[in-house]
Amino acid sequence: MSSSTSSSEQNRGKAFFGTFGAAVLGLGLVLAVTLALLDPYDTGRLTPFPKVGMPETGPRVANASRMRNPDFNAAIFGNSTIQILSPERLDAATGRRFVQVSVPGTGPMEQVAMIEYLVRTRGSAIRTVVLGLDSSWCDASRSNRTLHPFPFWLYDRSALTYATSLVRMDTVEFLPKRVRLLRGAGPFARSDGFWDYEASGGYHQYPLIDIRLPAIPAPVGGRSAATDSLMRIASMLPQQTHLLLLHPPVFSPTPQQATEDDKRNLAGCKAALARIVAGRPRTDIIDMWVDSPENRTRLFFFDHNHYTIGIAQGVEARLAERIAAVAQ
C-alpha cells in the first residue's frame, strides 16, 4: 500500500514539475515574441512598427537605431577619443549627413560588430566612414577582448540570436520608454548621436596637472587580431565608400616624454595598420597622434586623449579636406 502511495506521489510530482516547466517555457516564448514585436531598441527586425527613434540612453544600445536611419549617409566609429567630433559641423563642411556612433570604452572587436551591422542595414548608401584608430588598435590582446559589457547580440546577423537575447531584465525595464515613443510621447534622443562632453563637464574632473603621456604598446608586427579586424572592415565596406582612418590627437607636452622605444612601437603599429589598407581605393589615413604645438597645449586637453572643441575642430577640418578631395 505504501509503495503504491509513494509511486502515486512521485507521478504527481513529475506531472507538477512538467506542467511548471512547460508554463515557464510558454511564458518565456510569449515574452520573447512580445519583445520582438515591440522592438525596444528600434532595430526594425521582426516588428510591424515603423521607425520612431530612441529615448535618451547609452550609445551601446541606441546606435542600432541610429545606424539604420536613412537620413544619414556617413558615420563616425570609435570610442571616447573620437566622440567629440560634431556631425553638425562635419555636415556643414562636407555636404554629407553624419551620425556619431562612437561608444566609450570600446575597441576593435565592438567597432567591427557595429560596422558589419551598418553594412547589412545601409550598404552602398553609406558614402563615408570615419574610424578612430586609438591605442586600443595597437594592443593585440585588446583587439579580441572587451573591457566593458557590450550587446553583441543586438548587432548580430542572426534574427534568432537577437530575439532570444531580448529576454533579459534590462530590456523588459526599457519597454515603457519604447511604448511612450510609439505613442509619440517622447522624449527622443538626438538622432545624430552627438554628446558634447566638454559642455557637459564629462571630463572636467581630471586635473590638468595629472596629464600623462599614455603608455605606447608594443608594435603590431605581421598579422594580429588588430590587423585582422581592420582587414575585415576594409573588405566589407563597399568600394565606393570613403574610409577615413584617424589616429586621434594625444597630449604630448614634450617630445622627451616619449622614449625611443615608445616612438618605435608607435611607428610600428601605425605602419602595420597602414599596410592593411594600402591597396584599398578611396581610403585615407589622417595621423594626428603626433608631437605638435596643439598637442603640447595643456588647455586643449582634459587628460591624455580627451580633447576640447578647439582640437576637435582641427580634426574636423582635416577630415573635410580629405572628403572634398575624394569627392572631386
- Item | Between CD1 on residue Ile276 and OG1 on residue Thr283, distance to nearest 0.5 Å | 12.0 Å
- Message: Set out, in order, the CA-CA distance, both residues' side-chain angles and the distance that settles side chain to side chain contact (heavy atoms under 4.5 Å, CB included) for Ser229 and Trp137, then state yes or no.
- Response: CA-CA 9 Å; Ser229 295; Trp137 284 82; 3.9 Å; yes
- Query: Going through the distances and angles, do Leu37 and Leu46 end up as a side chain to side chain contact (heavy atoms under 4.5 Å, CB included)?
  - Reply: CA-CA 6 Å; Leu37 291 176; Leu46 309 176; 5.9 Å; no
- Should Leu182 and Phe188 be regarded as members of a common hydrophobic cluster, given that ILVMFWY residues are connected when their side-chain heavy atoms come within less than 4.5 Å of each other, either directly or indirectly? yes
- Taking C-beta and beyond as the side chain, do Val61 and Pro151 meet within less than 4.5 Å on heavy atoms? yes
- Query: Any side-chain heavy-atom pair from Arg60 and Leu154 closer than 4.5 angstrom?
  - Reply: no
- Item | Modelled atom types, side-chain donor and acceptor of Tyr41 and Thr171, under 3.5 Å | yes
- Counting only N and O atoms by type, is there a donor-acceptor contact under 3.5 Å from the side chain of Thr241 to the main-chain atoms of Leu237? no
- Query: Do any N or O atoms from the side chain of Thr47 and from the backbone of Gly44 form a donor-acceptor pair under 3.5 angstrom?
  - Reply: no
- Check: Arg122 side chain, Phe72 main-chain N or O, donor-acceptor pair, under 3.5 Å: yes
- Keeping the roles fixed (side chain from Ser235, backbone from Arg232), state whether a donor-acceptor pair exists under 3.5 Å. yes
- Query: Under 4.0 Å between a Lys/Arg side-chain N and an Asp/Glu carboxylate O for Arg97 and Asp71?
  - Reply: no
- Query: Where the side chain of Asn295 meets the backbone of Val290, is there a donor-acceptor pair that is under 3.5 Å apart?
  - Reply: yes
- Task: Nearest 0.5 Å please: distance from the CZ atom of Phe98 over to the CD atom of Glu316.
- Result: 9.5 Å
- Task: Mind listing the closest non-hydrogen atom pair of Ser102 and Asn63 along with its distance?
- Result: O-ND2, 4.1 Å
- Do Leu175 and Leu38 pass the side chain to side chain contact (heavy atoms under 4.5 Å, CB included) test, and can you show the C-alpha distance, the side-chain angles, and the key distance before you say yes or no? CA-CA 8 Å; Leu175 270 184; Leu38 288 176; 3.7 Å; yes
- Query: CG/Asp228 to CG/Leu230 distance, rounded to the nearest 0.5 angstrom?
  - Reply: 10.0 Å
- Query: Would you find a donor on one side and an acceptor on the other, under 3.5 Å apart, between the side chain of Ser86 and the backbone of Arg89?
  - Reply: yes
- Here the gap from Thr128 atom OG1 to Asp284 atom CG, rounded to the nearest 0.5 Å, amounts to 10.5 Å
- Task: State whether the side chain of Asn73 and the backbone N or O of Arg127 hold a donor-acceptor pair below 3.5 Å, judged by distance alone.
- Result: no
- Query: Got a second to check how far Leu245's CG is from Lys270's NZ, nearest 0.5 Å?
  - Reply: 13.0 Å
- Query: Taking atom CZ of Arg280 and atom CE of Met231, what is their separation to the nearest 0.5 Å?
  - Reply: 13.5 Å
- Query: What pair of heavy atoms forms the shortest contact from Pro176 to Val172, and how long is it?
  - Reply: CD-O, 3.7 Å
- Message: Does anything in residues 109-136 form a ring pair (Phe, Tyr, Trp, His ring centres under 6.0 Å)? List the pairs, not counting sequence neighbours.
- Response: Tyr117-Tyr155
- Query: Is there side-chain contact between Phe49 and Asp39, with at least one heavy-atom pair below 4.5 Å?
  - Reply: no
- Query: Taking all atoms of both residues into account, what is the closest heavy-atom pair of Ser124 and Gln240, and its distance?
  - Reply: CB-NE2, 3.0 Å
- Item | Side chains of Thr106 and His148, donor plus acceptor under 3.5 Å | no
- Just wondering, do Phe77 and Met67 contact through their side chains at under 4.5 Å, heavy atoms? yes
- Would you kindly confirm whether Trp153 and Ile115 end up in one hydrophobic cluster when ILVMFWY residues are joined by side chain heavy atoms under 4.5 Å apart? yes
- Which heavy atom of Met236 sits nearest a heavy atom of Val112, and at what distance? CE-CG1, 4.3 Å
- Is a side-chain N or O of Arg178 found less than 3.5 angstrom from the main chain of Pro55, in a donor-acceptor match? no
- Item | Side-chain heavy atoms of Glu198 within contact of Phe302, under 4.5 Å | yes
- Query: Salt-bridged, Arg66 to Asp192, with N to O below 4.0 Å?
  - Reply: no
- Ala62 to Thr57 - nearest heavy-atom pair and separation: CB-CG2, 3.8 Å
- Message: One pair to check against side chain to side chain contact (heavy atoms under 4.5 Å, CB included): Phe152 and Ser165. What are the steps and the verdict?
- Response: CA-CA 10 Å; Phe152 288 99; Ser165 300; over 6 Å; no
- So, Tyr307 side chain and Thr81 main chain: donor-acceptor pair closer than 3.5 Å or not? yes
- Task: Decide yes or no for Ser191 and Ser65: does some side-chain heavy atom of the first lie under 4.5 Å from some side-chain heavy atom of the second?
- Result: no
- Less than 4.5 Å apart, any side-chain heavy atom of Pro249 and any of Val315? yes
- Query: Would you say Ile309 and Asp196 make side-chain contact, with heavy atoms under 4.5 Å?
  - Reply: yes
- Item | Charged N-O contact under 4.0 Å between Arg168 and Glu173 | no
- Measure across Thr308 and Leu299 and return the closest heavy-atom pair with its distance rounded to 0.1 Å. CG2-O, 3.6 Å
- Query: Can you tell me if Asp134 and Asn79 form a side-chain donor-acceptor pair at under 3.5 Å?
  - Reply: yes
- Item | Main-chain N/O of Trp195 paired to Gln83 side chain as donor or acceptor, under 3.5 Å | no
- Message: Given the ring of Tyr162, does Arg45 sit roughly above its face, with NZ or CZ under 6.0 Å from the centre of the six-membered ring and within 45° of the axis?
- Response: yes
- Test applied, side chain to side chain contact (heavy atoms under 4.5 Å, CB included); reference residue, Leu244; option that passes from Leu131, Ile76, Val326, Ile323: Ile323
- Query: Counting heavy atoms not belonging to Glu88, are there more than 12 under 6.0 Å from its CD?
  - Reply: no
- Shared ILVMFWY cluster between Phe194 and Leu118, side chains joined below 4.5 angstrom? no
- Are any of the side-chain nitrogens in Lys51 or Asp42 under 4.0 Å away from the carboxylate oxygens of its partner? yes
